[in-house]
Asks: 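Supplied in structure tokens, the structure appears directly below.
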Amino acid sequence: TAGGSVSNASENVFADNKAKEGSVPTPSKGYEFIKWTADQDVTLTDGTNIAKDQAITMDQIKQIVVTKNISFTAHFGVLPKLSIMKSADKTEYKVGDTINYVLTVGQTVKNVEARNVVITDQLSDANIIKYDENSFKVSLNDNDITSQADIVVRENDFEIKTHQNIDDKDNIVVTYSAAALNPIEKLVNTAKATCENSKAEAIAETKFTISIIADAPNTGLMTNNSEDASVETDINFNLIIAGAAVAVFFTTVYLPSYQK
């Protein structure tokens, strides 16, 4: 069968239906084993009937009452291959900013389905950003499926079980936001997409990096630069401290008068 091989191509059994050796399917690289089928209706020792071309397990095959030759086919399918992209509205933020993220997951193999897609994201450092748990939104082809997904958000990572199957025509998009708490030169987000029928070939991973800078204290002195300055002049001192409230002090000072 295309896509794999079986350990035992044929087997002779007697009418007394003693234990059968069976066969083990081994998929080729890039394929998965899907099911066995029989070329005719079969009956098990417990009386269960399984129709031709209906999925049958190897345990059931070993219980078949054999009255004539039966052929079984091992079915293999191409593995899905997931893709994932991550972006944010900027790459550099200041402490206190809101970071808006977008994750997009797809499946790139034509006519192949990735089953039960799961999305995870891991941060390289803790206590740098804080996820807004209420901001997470999951959509499939622009349809909101947030209520159908299981979303677990932790301090340094999150996991989204979408419970969705996607083929090459579908996209799952996740949007969410986080607050920038502390400065860091490089915060690496490692996002992954996996699925129920995935192996190494199907897992997608992407790394996205942002930087967060401290909003450095900045003092500004506003002066009257007019050459006609009067004896009494108001000068405003604006003291701005990052991450704190803005304090504005209004002070009156007296300057000596002068002539041009």
Side-chain angles (χ1 to χ4, degrees), residues 79-216 242-243:
L79 280 172
K81 188 172 183 179
L82 294 170
S83 65
I84 187 168
M85 295 185 296
K86 184 169 188 176
S87 63
D89 50 352
K90 296 187 293 185
T91 56
E92 184 176 279
Y93 298 85
K94 293 180 180 179
V95 170
D97 283 351
T98 297
I99 308 165
N100 297 302
Y101 285 109
V102 179
L103 271 168
T104 303
V105 176
Q107 195 290 121
T108 62
V109 182
K110 188 175 182 179
N111 298 325
V112 172
E113 187 176 71
R115 300 191 294 272
N116 287 323
V117 174
V118 176
I119 302 166
T120 61
D121 190 282
Q122 179 76 44
L123 299 174
S124 59
D125 298 81
N127 300 317
I128 301 298
I129 67 173
K130 180 176 176 58
Y131 297 117
D132 179 356
E133 296 185 31
N134 295 322
S135 69
F136 280 77
K137 181 180 178 181
V138 186
S139 61
L140 172 63
N141 302 332
D142 297 325
N143 297 310
D144 190 346
I145 58 166
T146 307
S147 62
Q148 302 173 40
D150 292 327
I151 304 173
V152 178
V153 180
R154 293 174 283 264
E155 179 182 353
N156 209 36
D157 67 288
F158 64 79
E159 178 185 68
I160 301 174
K161 295 180 179 178
T162 67
H163 304 295
Q164 301 296 321
N165 305 334
I166 61 172
D167 61 23
D168 57 299
K169 304 177 190 67
D170 299 319
N171 278 307
I172 294 175
V173 176
V174 179
T175 58
Y176 64 98
S177 61
L181 300 180
N182 292 297
I184 189 170
E185 182 178 351
K186 185 169 70 171
L187 178 66
V188 180
N189 298 241
T190 302
K192 290 184 179 181
T194 61
C195 57
E196 183 181 274
N197 54 326
S198 69
K199 294 185 179 179
E201 298 96 322
I203 297 173
E205 178 178 306
T206 187
K207 294 182 183 293
F208 183 77
T209 303
I210 63 170
S211 62
I212 301 174
I213 61 175
D215 193 359

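Because the structure is a prediction, the values reported are computed rather than measured.
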Asks: Among all residues two or more places apart in sequence or in another chain, which pass the side chain to side chain contact (heavy atoms under 4.5 Å, CB included) test with Lys110?
Replies: Asp168

Asks: If every non-hydrogen atom of Phe158 is compared with every non-hydrogen atom of Val153, which pair is closest and at what distance?
Replies: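 Heavy-atom minimum between the residues: CB-CA, 4.0 Å.
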
Asks: Can you name the salt bridge (charged side-chain N to carboxylate O under 4.0 Å, His left out) partners of Lys90, sequence neighbours left out?
Replies: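 Here the qualifying residues are Asp97.
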
Asks: Checking Asp170 now: which residues fulfil side chain to side chain donor-acceptor pair (under 3.5 Å) with it, not counting sequence neighbours?
Replies: Asn141

Asks: Please output the side-chain donor-acceptor pairs of residues 99-108 that fall under 3.5 Å, not counting sequence neighbours, one pair per line with the distance.
Replies:
| from | atom 1 | to | atom 2 | distance (Å) |
| --- | --- | --- | --- | --- |
| Asn100 | ND2 | Asp89 | OD2 | 3.0 |
| Gln107 | OE1 | Lys81 | N | 3.0 |
| Gln107 | OE1 | Val109 | N | 2.8 |
| Gln107 | NE2 | Val109 | O | 2.7 |
| Gln107 | NE2 | Val112 | O | 2.8 |
| Thr108 | OG1 | Lys81 | O | 3.1 |

Asks: Between Tyr93 and Thr98, which heavy-atom pair has the shortest distance, and what is it?
Replies: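 Smallest heavy-atom distance, with atoms named: CE2-O, 3.8 Å.
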
Asks: What is the distance from atom CG of Asn189 to atom CZ of Phe208, rounded to the nearest 0.5 Å?
Replies: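 Here the interatomic distance stands at 7.5 Å.
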
Asks: Who pairs with Asn143 by side chain to side chain donor-acceptor pair (under 3.5 Å), at least two apart in sequence or on another chain?
Replies: none

Asks: Take a 6.0 Å sphere around CG of Asp144 and say whether it holds more than 12 heavy atoms from other residues, nucleotides or ligands.
Replies: yes

Asks: Would you give the length of the straight line joining atom CD1 of Ile172 to atom OG of Ser139, rounded to the nearest 0.5 angstrom?
Replies: 8.5 Å

Asks: If you define the side chain from C-beta out and look only at heavy atoms, does anything of Glu205 sit under 4.5 Å from Thr190?
Replies: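 Contact flag for Glu205/Thr190 side chains = yes.
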
Asks: Residues in side chain to side chain donor-acceptor pair (under 3.5 Å) with Lys130, at least two apart?
Replies: none

Asks: Under the side-chain hydrogen bond (donor to acceptor under 3.5 Å, both in side chains) rule, what pairs show up with a residue in residues 148-159, not counting sequence neighbours?
Replies: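 Found Gln148-Gln164, Asp150-His163, Arg154-Asp157.
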
Asks: List the residues meeting side chain to side chain donor-acceptor pair (under 3.5 Å) with Ser211, not counting sequence neighbours, and say none if there are none.
Replies: none

Asks: Are the side chains of Ile129 and Ile212 in touch, meaning some heavy atoms are under 4.5 Å apart?
Replies: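 Yes, their side chains come closer than 4.5 Å.
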
Asks: Using the rule side chain to side chain contact (heavy atoms under 4.5 Å, CB included), only one of Ile160, Ile84, Ile151 pairs with Val174; which is it?
Replies: Ile160

Asks: Checking Lys137 now: which residues fulfil salt bridge (charged side-chain N to carboxylate O under 4.0 Å, His left out) with it, not counting sequence neighbours?
Replies: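 Testing Lys137 for salt bridge (charged side-chain N to carboxylate O under 4.0 Å, His left out), a comparison that skips the adjacent residues, returns none.
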
Asks: Can you confirm whether Asp167 sits close enough to Asn111 that some side-chain heavy atom of one is under 4.5 Å from a side-chain heavy atom of the other?
Replies: no

Asks: Minimum heavy-atom separation for Asp121 and Ala191, please, with both atom names.
Replies: OD2-CB, 3.5 Å

Asks: What pairs of donor and acceptor atoms, side-chain ones from residues 176-188 against any protein atom, are under 3.5 angstrom apart with sequence neighbours left out?
Replies:
| from | atom 1 | to | atom 2 | distance (Å) |
| --- | --- | --- | --- | --- |
| Tyr176 | OH | Lys86 | NZ | 2.7 |
| Ser177 | OG | Ser135 | OG | 3.3 |
| Asn182 | ND2 | Asn127 | O | 2.6 |

Asks: Kindly say whether Glu113 contributes a backbone atom to a donor-acceptor pair with the side chain of Asn197 at under 3.5 angstrom?
Replies: yes

